[in-house]
Visitor: 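The structure under discussion is supplied below as structure tokens; questions concerning it will follow.
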Amino acid sequence: MILAADPLYGGDLLGDILITLLKAGVAFTFLLVAVMLMIWFERKLISDMQNRIGPNIAGPWGIFQTLADGIKLFFKEDLVPENADRFVFKLAPYLALVPAFLVFAIVPLGGDFNRKDGSDGVVSIFGHDTFLQVADPPMGILFFLAMSSIAIYGIMLAGWGSGSKYPLLGAVRASAQMISYEAALGLAIAAVVLQTGSLSTHDMVIDQAAGGYGGIIPNWNIVVTGFVPFFVFFIAGTAELNRPPFDLVEAEQELVGGFHTEYSSIRFALFFLAEFMNTITMSAIMVLLFLGGPAGPALFFPEGWWIGTFWFFLKLMAFLFTFVWFRATLPRFRYDQLMDLGWKVLIPISLAWFLLLAGLRLGDDRDWTYNETLAFMVGCIITFALLGGLLIGAINTARAERVREEADRG
Amino acid sequence: MTEVVVFCVAAALALVGALGVVVSKNPVHSALFLIQTLMGVAVLFVLQEAHFLAAVQVVVYAGAIVILFLFVIMLLGVDKAEDFAVEPIAGQRPLAAVVGGALLAIGLTVMVVAVDGSTGTSATFDPQTGQPAETALDSIGADGQPITDIERIGRVLFSDYALAFEITAALLTIAVIGAVVLTRTVSRGERLDDLEPASFDLPPVAPHDNQPDHDSAGESGA
């Protein structure tokens with residue numbers, strides 16, 4: 001059992017408070033700048049993929065385009081619809097924004113985890129030893145789940161508070177989608193927690209920093225948990241973000257603008273800020289859970305706190321690129337396909353995989369022989385095949401039933 | 001000192017939220033105040049170092065239950081401000097006052113009379129050594145390392161209360177399946193809401209008498 005508590009606390013109170021404020025300020029600024037660059041990156045990349053030029057006027061390579069857009073939005077007229085519930089309408093953008101910020105607090109941003117002296121990512125800021133993350137609460141990754149469930153309120157209340165039909169439809173879609181995919185998200189996280197034996201995000205990085213097989217393959221959870229939880233988390237995470245191909249929430253061909261149809265000016269900008277911020281935090285959480293966070297591949301590389309930050313950003317960029325790539329490549333899901341994918345594919349797969357991992361973990365504790373493990377695996381495969389067959393049979397029967405009833409009527 | 005300040009703020013948040021739930025005229029505002037109360041209680045849990053309970057409080061109650069409330073409120077169309085002068089059920093308010101008063105009296109009695117505190121007995125002691133007895137709730141693990149509340153809850157749930165835990169799980173599953181079975185019963189000739197897209201071009205079914213009226217725009221359009 002690893003119990004890593006931030007070594008910062010317990011010293012002098014003033015120093016603790018100042019350093020925590022400093023870390024929070026740096027994380028906050030980082031997120032804001034990252035959102036600005038992310039929007040530019042997405043527009044530039046997607047125009048490359050679509051054979052266009054993209055923003056190229058404001059600043060070198062159009063890099064200040066987001067800033068210009070932000071200033072423009074700030075000075076636009078702020079409309080509140082007549083039917084709107086004024087208080088809820090004004091509250092909703094902040095409810096969307098705050099959870100996006102808070103999740104980032106539990107993400108380790110740097111620190112040298114690969115050093116052999118057991119410093120485990122502790123860095124020294126003005127003589128105080130601490131972790132390079134704003135907070136390392138014992139509830140750790142559960143905090144992420146809690147915040148992503150709070151984030152639903154922003155969208156839901158925006159839709160309802162607008163007092164208009166399309167936003168309400170968008171909001172109902174959004175909340176149904178986000179609640180559905182949260183289950184798969186949680187099950188994928190459970191696989192990681194089972195592997196780590198701790199909910200703390202810092203412990204997760206320590207666990208993944210240890211040398212893997214032969215000292216070459218990194219001990220990252222994506223390998224250790226056998227890839228399936230990673231892909232489940234990636235898909236469910238994309239759906240949770242309402243990003244393409246799961247952007248039914250604001251499907252402009254069907255719902256005008258979805259939940260933010262009635263929003264304008266700075267409130268509209270806040271929703272977009274929250275959305276891009278969520279993309280960045282979700283990528284950071286994926287890096288943390290499955291790709292070792294700031295822990296690099298255990299190779300011979302220079303030491304120092306910045307090497308962790310370097311690896312972290314490299315992996316973060318890979319995910320951000322993939323999200324943009326999704327948007328450029330994949331067509332939007334239909335609503336029934338979306339729900340089918342969540343409930344009938346992702347949840348059963350992640351549940352079965354979790355049971356398999358738990359069984360193997362038990363075998364590890366009980367020192368099973370090779371034959372016992374083999375027997376367990378074969379038993380699992382047979383059981384899952386049977387259950388999967390039953391599930392597919394049930395789905396097909398229900399579908400045939402519906403089609404027949406429709407045919408009877410017509 | 002910090003603890004007192006945090007407690008006061010969180011308790012005030014929870015109490016104001018609770019008042020707001022009762023006083024708000026609009027059901028959606030009531031639900032929002034309920035979230036405030038749940039958040040305040042979650043902070044109180046963190047203050048007691050019950051981190052897992054705090055997270056579960058937010059995930060389950062604020063994240064799922066209140067969302068369901070909101071769904072029902074929005075979809076049933078009862079999201080309009082209510083007139084407090086009207087009493088929907090006759091004699092409801094005097095009765096509510098009596099029951100509320102009785103509950104308050106019971107609560108106060110328990111708090112004052114109970115010896116070991118109102119939430120149950122304090123730690124049991126081993127009569128021979130005088131040390132706290134070994135229970136699953138011990139905060140020191142077998143290897144002498146301190147264990148977190150999460151591990152302790154897990155240990156208790158899957159050892160002492162394994163049966164109750166499994167029964168609860170089965171109960172919830174049965175409730176979900178039961179709800180699905182009840183709502184999905186389709187008599188022939190009635191329209192389903194999630195058809196296969198191939199059947200979208202079927203002629204619309206004539207409206208039944210028992211269908212709820214749609215808004216005036218739909219009526220005039222027909």
Visitor: With a 4.5 Å heavy-atom cut-off (strictly below), which parts of residues 38-54 of chain B touch chain A? List them by number.
Guide: B/Met39, B/Val46, B/His51, B/Phe52, B/Ala54
Visitor: Under a 4.5 Å cut-off applied to non-hydrogen side-chain atoms, are A/Met156 and A/Phe259 in contact?
Guide: no
Visitor: Between NE2 of A/His202 and CG of A/Leu288, what distance do you get to the nearest 0.5 Å?
Guide: 11.0 Å
Visitor: Any ion pair linking A/Arg404 and A/Glu401 (charged N to carboxylate O, less than 4.0 Å)?
Guide: yes
Visitor: Check whether the side chains of A/Asp203 and A/Thr196 place a donor and an acceptor atom closer than 3.5 Å, and report yes or no.
Guide: no
Visitor: Among A/Ala176, A/Ala146, A/Ala151, which has the most heavy-atom pairs under 4.5 Å with chain B?
Guide: A/Ala146
Visitor: If I measure from the heavy atoms of chain B, does A/Ile150 come under 4.5 Å with its side chain, its backbone, both, or neither?
Guide: side chain
Visitor: Which class fits the ring pair A/Phe144 and A/Phe233: parallel under 30°, tilted 30 to 60°, perpendicular over 60°?
Guide: tilted
Visitor: Before giving the answer on side chain to side chain contact (heavy atoms under 4.5 Å, CB included), spell out for A/Met147 and A/Phe101 the whole-Å C-alpha distance, their side-chain angles and the decisive distance to 0.1 Å.
Guide: CA-CA 10 Å; A/Met147 284 305 116; A/Phe101 265 128; over 6 Å; no
Visitor: Hey, what do you get for CG (A/Leu391) to CH2 (A/Trp343), rounding to the nearest 0.5 Å?
Guide: 13.0 Å
Visitor: Check for a donor-acceptor pair, side chain of A/Tyr181 on one end and backbone N or O of A/Gly342 on the other, with a separation under 3.5 Å.
Guide: yes
Visitor: In Å, rounded to the nearest 0.5 Å, how long is the span from CG of B/Leu68 to OG of A/Ser175?
Guide: 10.0 Å
Visitor: Among residues 56-67 of chain B, which ones touch chain A with a heavy-atom distance under 4.5 Å?
Guide: B/Val58, B/Val59, B/Ala62, B/Gly63, B/Val66, B/Ile67
Visitor: Okay, side chain of B/Ser24, backbone of B/Val21: is any donor-acceptor separation there less than 3.5 Å?
Guide: no
Visitor: So A/Met339 and A/Ser180, do their side chains get closer than 4.5 Å, heavy atoms only?
Guide: yes
Visitor: For A/Asn242, enumerate each residue passing the side chain to side chain contact (heavy atoms under 4.5 Å, CB included) test, keeping only those at least two apart in sequence or located in another chain.
Guide: A/Ile155, A/Gln177, A/Met178, A/Val249
Visitor: Output the residues of residues 81-95 of chain A for which the shortest heavy-atom distance to chain B is under 4.5 Å, in residue-number order; output 'none' if no such residue exists.
Guide: A/Asp85, A/Val88, A/Leu91
Visitor: Can you list the steps and then say if A/Ile106 with A/Val134 is a side chain to side chain contact (heavy atoms under 4.5 Å, CB included)?
Guide: CA-CA 6 Å; A/Ile106 60 162; A/Val134 179; over 6 Å; no
Visitor: Could you give the distance from CG (B/Leu171) to OG1 (B/Thr168), rounded to the nearest 0.5 Å?
Guide: 7.0 Å
